[in-house]
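Structure first, commentary second.
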Amino acid sequence: MLIYNVTTGVDKKIEQEWLIWMKEVHIPEVMKTQMFLGYRMYRVLTAAEDDTVSYAIQYQAQSINQIEHYLDKFAPSLREEVKKKFGDKAVSFRTLLEEVL
């Protein structure tokens with residue numbers, strides 16, 4: 001199992017708006033690509049700054065090919081939507097994880 005992890009630092013002033021939009025719009029759009037089996041969303045409890053809160057969304061994939069296809073075909077437009085909606089008030093970084101146990 002592979003995990004495509006997206007960690008986002010969110011300005012606390014827009015946190016609730018961002019959460020609702022992620023749950024109702026963005027994550028469903030990612031899942032519609034059919035590149036992922038499922039996902040989980042977590043609130044990061046460490047390294048919090050006073051004005052931001054971080055969330056990690058972990059999308060589960062069966063193969064690296066599915067993730068690469070997602071990154072090539074779907075990710076650019078989906079990332080652009082987030083950027084248009086929230087600008088620099090929601091900044092993400094991405095990591096690829098492989099299950100070992």
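For Glu80, the CD atom counts as densely surrounded, since its 6.0 Å shell holds more than 12 non-hydrogen atoms of other residues, nucleotides or ligands. Within 6.0 Å of CZ on Phe74 lie more than 12 heavy atoms contributed by other residues, nucleotides or ligands.
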Checklist entry - Given Ile57 and Met22, is the side-chain contact (heavy atoms from CB on, under 4.5 Å) satisfied, shown in steps? => result CA-CA 10 Å; Ile57 303 170; Met22 290 301 288; 3.3 Å; yes
| Passes side-chain contact (heavy atoms from CB on, under 4.5 Å), Gln58 versus Leu97? Steps please. | CA-CA 9 Å; Gln58 297 185 341; Leu97 309 170; 4.2 Å; yes
Quiz item: Can you check side-chain contact (heavy atoms from CB on, under 4.5 Å) on Lys83 and Asp88, steps first, answer last?
Solution: CA-CA 7 Å; Lys83 187 175 179 179; Asp88 63 354; over 6 Å; no
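For the pair Leu2 and Ile67, the minimum side-chain heavy-atom distance is below 4.5 Å. In this structure, Ile3 and Glu98 have side chains that are not in contact, with every pair of non-hydrogen atoms separated by 4.5 Å or more. Residues Lys85 and Val82 have side chains not in contact (no heavy-atom distance under 4.5 Å, counting atoms from C-beta outward). Between Met35 and His69, the closest side-chain pair of non-hydrogen atoms falls below 4.5 Å. No side-chain heavy atom of Val30 sits under 4.5 Å from any side-chain heavy atom of Tyr39.
When each of Asn5, Ile27, Leu37 is checked for a side chain to side chain contact (heavy atoms under 4.5 Å, CB included) with Tyr59, only Ile27 meets the rule. Just one of Arg79, Gln66, Arg94 meets the side chain to side chain contact (heavy atoms under 4.5 Å, CB included) condition when paired with Leu71; it is Arg79.
Closest approach of Ser54 to Gly9, counting heavy atoms only: OG-CA, 3.8 Å.
Note that the CZ atom of Phe86 and the NE2 atom of His26 stand 10.0 Å from one another [nearest 0.5 Å]. Taken to the nearest 0.5 Å, the CD atom of Glu29 stands 12.0 Å off from the CD atom of Glu24.
Side-chain contact check for Tyr4 and Gln60: no donor-acceptor pair (N or O, by modelled atom type) lies under 3.5 Å.
Met1 and Met31 fall into different hydrophobic clusters, where Ile, Leu, Val, Met, Phe, Trp and Tyr residues are linked whenever their side-chain heavy atoms come under 4.5 Å apart, directly or through other members. The same ILVMFWY cluster, assembled from side-chain heavy atoms under 4.5 Å apart, contains both Leu78 and Trp21. Under a hydrophobic clustering in which Ile, Leu, Val, Met, Phe, Trp and Tyr are joined whenever their side-chain heavy atoms come within less than 4.5 Å, directly or via other members, Phe36 and Met41 fall into the same cluster. In terms of hydrophobic clustering, with Ile, Leu, Val, Met, Phe, Trp and Tyr side chains grouped at heavy-atom distances under 4.5 Å, Val25 and Tyr70 are assigned to a common cluster. In the hydrophobic clustering of this structure, Leu19 groups with Val10; members are Ile, Leu, Val, Met, Phe, Trp, Tyr whose side-chain heavy atoms approach within less than 4.5 Å, directly or through other members.
In this structure a side-chain-to-backbone donor-acceptor pair under 3.5 Å is missing from Lys12 to Val53.
In this pair, Tyr55 and Trp18 present their aromatic rings tilted. The plane angle is within the 30 to 60° band.
Salt bridge Glu15/Arg43: present, at least one basic N to carboxylate O contact under 4.0 Å.
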